[in-house]
Amino acid sequence: MQRRLHAFELALDGFVPASAPAGLGEAMRYAVLGGGKRLRPLLVMAACEAVEGHDEAAMRAACSVELIHAYSLVHDDMPCMDDDVLRRGKPTTHVAYGEAKAMLAGDAMQALAFDVLTPDEGVEPALQAQLCRLLARSAGYDGMAGGQAIDLASVGLPLDEATLRDMHRRKTGVLLQASVMMGAACGRIDARAAQGLSDYGAALGLAFQVVDDILDVTQDSAVLGKTAGKDQDANKPTYVSVLGLEPARRLALQLCDEAHAALSASGLANTTWLRQLADMVVERHH
């Protein structure tokens with residue numbers, strides 16, 4: 001994993017231009033380089049390995065999904081949305097560079113993600129199109145952006161578990177699931193394997209958010225690298241507020257079991273790394 005993380009950092013360093021005008025490149029690089037768990041890129045590469053796929057295409061997919069994730073964090077942290085001042089242990093991008101430049105940095109990273117997926121050579125056009133489609137659908141109105149809209153509209157409102165699950169499936173889960181499927185798209189798989197990987201991604205994506213909600217009330221800001229207790233202070237519904245702390249912990253473990261079962265059902269032989277990433281999601285402390 002450390003080898004992959006180093007490779008991601010080198011690749012992102014090459015893709016994100018320091019030379020973008022008026023300090024824009026500096027803000028982009030601040031937002032995406034030198035921090036983060038890189039879970040989404042790791043999922044891309046682990047799925048690609050499981051299907052014995054095209055490594056160059058997968059590396060581009062890994063970087064593109066991390067650029068989308070980084071852009072979403074920049075925008076989510078802004079005063080008009082979640083209004084946070086700490087991310088990955090340092091001031092958020094709008095605090096460091098101002099709101100206007102942070103907004104533009106996010107916009108530019110979103111566009112760059114699709115540029116990275118469409119090189120002039122090295123990746124077949126049909127695969128480029130498939131990867132772009134998977135990423136666009138996971139980031140748009142029916143995925144991450146739609147989930148954030150529901151989140152902002154739900155402040156102070158009582159939500160049942162089904163509605164909360166749908167919100168987090170869109171806001172967090174779909175992009176994680178897409179990371180798995182983008183890696184899988186870089187190889188050849190049958191319908192059984194595709195369904196297993198899709199189910200794995202869905203279970204892992206929801207588990208990630210459940211654990212995030214748990215950590216928000218059990219860890220401090222220094223450990224998390226972001227403001228602890230933010231959701232509770234903002235009166236946002238979470239798995240802890242809806243279910244309680246211990247039931248939320250049990251749900252996270254149940255979802256991890258579901259992710260493992262989905263991999264077993266996929267028929268794929270080389271899923272060790274994907275299994276370890278599911279365990280890492282549930283066992284993490286930040």
Side-chain angles (χ1 to χ4, degrees), residues 12 15-17 20-41 62-117 132 134-155 166-179 182 205 208-209 212-213 216 221 224-228 230-231 233-238:
L12 287 165
F15 285 133
V16 183
L24 180 61
E26 183 183 345
M28 293 167 67
R29 292 171 69 82
Y30 179 88
V32 75
L33 295 178
K37 293 178 282 295
R38 308 293 194 213
L39 174 61
R40 291 151 191 84
C63 290
S64 71
V65 77
E66 188 67 5
L67 285 164
I68 290 290
H69 176 56
Y71 120 73
S72 75
L73 297 181
V74 172
H75 283 194
D76 286 358
D77 287 337
M78 293 185 69
C80 60
M81 294 232 264
D82 290 345
D83 192 15
D84 214 335
V85 297
L86 186 67
R87 173 69 66 179
R88 294 174 172 173
K90 61 184 183 182
T92 48
T93 306
H94 74 271
V95 171
Y97 291 92
E99 291 181 32
K101 191 164 289 183
M103 181 69 74
L104 289 172
D107 292 343
M109 286 191 292
Q110 181 179 198
L112 179 60
F114 294 97
D115 191 12
V116 168
L117 284 177
C132 285
L134 285 166
L135 186 58
R137 289 180 177 177
S138 68
Y141 71 89
D142 200 31
M144 185 177 65
Q148 178 70 354
I150 296 171
D151 189 27
L152 292 171
S154 300
V155 174
D166 178 62
M167 177 180 76
H168 286 313
R169 178 190 67 81
R170 297 170 187 266
K171 182 181 176 183
T172 304
V174 174
L175 190 60
L176 286 161
Q177 185 182 33
S179 300
M182 289 172 76
F208 183 91
Q209 186 59 55
D212 244 24
D213 288 353
D216 188 62
S221 299
L224 293 178
K226 59 183 180 180
T227 306
K230 185 74 175 176
D231 290 337
D233 292 344
N235 200 22
K236 284 189 174 185
T238 68

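Values in this document were obtained by computation on a predicted structure and should not be read as measured data. Computed over heavy atoms, backbone and side chain alike; hydrogens, waters and symmetry mates excluded.
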(request) First locate atom CD of Gln148, then atom CE of Met167, and finally report the distance between them rounded to the nearest 0.5 Å. (result)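 The CD atom of Gln148 sits 9.0 Å away from the CE atom of Met167.
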(request) Look up atom CZ in Arg29 and atom CG in Leu12, then write down how far apart they are to the nearest 0.5 Å. (result)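 Atom-to-atom, Arg29:CZ and Leu12:CG are 9.5 Å apart.
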Side chains of residues 134-143: which donor-acceptor partners sit under 3.5 Å, not counting sequence neighbours?
residue	atom	partner	partner atom	Å
Ser138	OG	Leu134	O	3.3
Ser138	OG	Leu135	O	2.9
Asp142	OD1	Arg170	NH1	2.7

(request) Among Asp76, Thr92, Asp77, find the one that has a side chain to side chain donor-acceptor pair (under 3.5 Å) with Arg87. (result)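 Of Asp76, Thr92, Asp77, side chain to side chain donor-acceptor pair (under 3.5 Å) with Arg87 is met by Asp77 alone.
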For [X] and [Y], work out which heavy atoms get closest and say how close.
X: Pro41; Y: Val65; result: N-CG1, 4.1 Å
X: Lys171; Y: Asp82; result: NZ-OD2, 4.4 Å
X: Pro79; Y: Asp83; result: CA-OD1, 3.6 Å
X: Met28; Y: Pro17; result: CE-CD, 4.3 Å
X: Lys90; Y: Tyr30; result: NZ-O, 2.9 Å

(request) For the pair Leu73 and Arg88, evaluate side chain to side chain contact (heavy atoms under 4.5 Å, CB included) and give the outcome as yes or no after the intermediate values. (result) CA-CA 10 Å; Leu73 297 181; Arg88 294 174 172 173; 3.8 Å; yes
(request) Kindly determine whether Leu152 and Met81 satisfy side chain to side chain contact (heavy atoms under 4.5 Å, CB included), including the steps that lead there. (result) CA-CA 7 Å; Leu152 292 171; Met81 294 232 264; 3.6 Å; yes
Evaluate the side-chain proximity of [Y] to [X]: yes if any heavy-atom separation is below 4.5 Å, no if none is.
X: Phe15; Y: Glu66; result: no
X: Val74; Y: His94; result: no
X: Arg40; Y: Ile68; result: no
X: Asp84; Y: Val95; result: no

(request) Could you walk me through whether Ser179 and His69 pass the side chain to side chain contact (heavy atoms under 4.5 Å, CB included) test, one step at a time? (result) CA-CA 11 Å; Ser179 300; His69 176 56; over 6 Å; no
(request) For Gln209, check side chain to side chain donor-acceptor pair (under 3.5 Å) against everything at least two apart and list the hits. (result)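 By the side chain to side chain donor-acceptor pair (under 3.5 Å) rule, Gln209 matches Thr172, Asp213.
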Side-chain donor-acceptor pairs under 3.5 Å in residues 96-114, sequence neighbours left out?
residue	atom	partner	partner atom	Å
Tyr97	OH	Glu26	OE2	3.2
Lys101	NZ	Ala22	O	2.7

(message) I'd like to know whether Lys236 forms a side chain to side chain contact (heavy atoms under 4.5 Å, CB included) with Asp216, so could you lay out the CA-CA distance, the side-chain angles of the two residues, the decisive distance to 0.1 Å, and finally the verdict.
(response) CA-CA 12 Å; Lys236 284 189 174 185; Asp216 188 62; over 6 Å; no
